[in-house]
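I have placed the structure first, in the form of structure tokens, so that the comments after it can refer back to it.
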Amino acid sequence: SISFVGTFASMCRMRLSMVLSGVYVSTEYVGYYAAAFSFLTTLNLVPRAMSLALFPSFSYHYGKNDAGNITRILNRSTRWLAIIILLLGGITFFLSKNILQILFGSEYAGASLTLQILILSACAAIVAIPAVNSLSGTKYVRIPNIAGILGLVSCLILWPFLIPKYNIIGTAVGFLISTVVTSFIPMYYAWKYFNLDL
């Protein structure tokens, strides 16, 4: 039940960013935000695949009471993911304006700051994937799901203040803050329980 609620909250957070933007800003700006947000799917492909590989590994070693291998896999995968995503994220961060112009047209260049903020949130979420999986594959499954719920709640609190004042940049900032919440909590507990090397 907690896994369902936590996963549902995480999915809602992503979808509601566009819905709530539409309440406060014009459809034109919602389109700009949607274009910036859709680009993030390319950043998430490799880490999502890695997540599908990590979860059963953590579950297997936890079932064998092999905490040493959990720590080894956790640290190695976090390190490599951090290197890969910071390289890809860094490149796309600095080329965000060009990317939007090439993929969607020159009128979308104004959404480059929004895309940059969303790239930062994607990097934070992706680096936390091994921590989330190490907890989800063990008895600590509630922690990342509670973090997902807190992330959704933080968005719902922040967006009504940020979006009317800062437009789609406010949407992206609220999303970034909530992503930091959903990423920091699992990383902290992975450090606490499985010696994640931060």
Side-chain angles (χ1 to χ4, degrees), residues 1-15 17 37-94 115-155 172 175-198:
S1 297
I2 190 69
S3 295
F4 170 76
V5 173
T7 304
F8 183 75
S10 295
M11 292 172 69
C12 282
R13 188 171 63 94
M14 294 180 185
R15 303 300 179 261
S17 62
F37 196 84
S38 67
F39 178 74
L40 294 184
T41 55
T42 57
L43 281 178
N44 285 320
L45 290 177
V46 173
R48 291 295 178 204
M50 190 172 187
S51 180
L52 294 173
L54 286 175
F55 181 79
S57 297
F58 287 125
S59 295
Y60 172 75
H61 289 294
Y62 181 73
K64 291 177 64 178
N65 292 318
D66 189 356
N69 263 326
I70 292 175
T71 298
R72 183 181 57 80
I73 295 169
L74 174 63
N75 283 317
R76 186 175 292 174
S77 57
T78 301
R79 190 175 303 117
W80 279 107
L81 255 185
I83 291 168
I84 291 166
I85 202 57
L86 291 177
L87 283 173
L88 289 175
I91 291 167
T92 55
F93 184 89
F94 290 110
L115 177 56
Q116 289 174 330
I117 296 168
L118 290 173
I119 288 168
L120 292 176
S121 67
C123 290
I126 290 167
V127 168
I129 283 174
V132 169
N133 280 275
S134 69
L135 297 166
S136 297
T138 62
K139 67 179 181 179
Y140 305 109
V141 64
R142 293 181 180 184
I143 294 170
N145 289 291
I146 290 170
I149 294 166
L150 291 174
L152 176 61
V153 170
S154 64
C155 278
F175 193 80
L176 173 62
I177 293 169
S178 69
T179 303
V180 169
V181 170
T182 59
S183 300
F184 174 78
I185 293 171
M187 291 187 81
Y188 169 76
Y189 281 100
W191 166 77
K192 182 177 179 180
Y193 294 129
F194 297 122
N195 298 315
L196 171 62
D197 183 8
L198 297 175

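All values below were derived from every heavy atom in this structure, side-chain atoms included, with hydrogens, water molecules and symmetry-related copies excluded.
- Within the 3.5 Å criterion, the main-chain N or O of F194 finds a donor-acceptor partner in the side chain of T71.
- The shortest side-chain heavy-atom distance between V141 and S3 falls under the 4.5 Å cut-off.
- Residues L150 and T182 fail the side-chain proximity criterion, which asks for heavy atoms closer than 4.5 Å.
- In this structure, the side chains of L120 and F93 come closer than 4.5 Å at one or more pairs of heavy atoms.
- Closest non-hydrogen pair, P144 versus S136, comes out as CG-OG, 3.4 Å.
- Formation of a donor-acceptor pair under 3.5 Å by the T138 side chain with backbone atoms of Y62 is not found in this model.
- With values rounded to the nearest 0.5 angstrom, L135 atom CG is found 10.0 Å from I70 atom CD1.
- Other residues, nucleotides and ligands contribute more than 12 heavy atoms inside 6.0 Å of the CE atom of M14.
- Within the 3.5 Å criterion, the main-chain N or O of D197 finds a donor-acceptor partner in the side chain of N75.
- Aromatic pair F37/F175: ring centres closer than 6.0 Å.
- Remark: N145 CG to R142 CZ distance equals 10.0 Å, nearest 0.5 Å.
- Taking each heavy atom of S178 and S154 in turn, the nearest pair found is CB-OG, 3.2 Å.
- Residues I2 and I149 form a side-chain contact, since some pair of their non-hydrogen atoms from C-beta on lies under 4.5 Å apart.
- Here the rule is side-chain contact (heavy atoms from CB on, under 4.5 Å) with I83, and of L81, I85, L86, L87 only L87 fits it.
- When ring centroids are compared, Y193 and Y140 come within the 6.0 Å threshold.
- By the 4.5 Å heavy-atom criterion applied to side chains, L196 and T78 are counted as neighbours.
- The shortest heavy-atom contact between S183 and A124 is OG-O, 3.1 Å.
- Side-chain contact check for I185 versus I143: some heavy-atom pair is nearer than 4.5 Å.
- A distance-only check finds a donor-acceptor pair linking the side chain of S121 to the backbone of L118 [under 3.5 Å].
- Closest non-hydrogen pair, A82 versus V127, comes out as CA-CG2, 3.9 Å.
- A donor-acceptor contact shorter than 3.5 Å links the side chain of T92 to the backbone of G89.
- Using modelled atom types, one finds a donor on one side chain and an acceptor on the other under 3.5 Å when comparing T179 with R13.
- Atom OG of S57 and atom CG of L74 lie 12.0 Å apart (nearest 0.5 Å).
- In this model, a donor atom of one side chain and an acceptor atom of the other lie less than 3.5 Å apart for N69 and R72.
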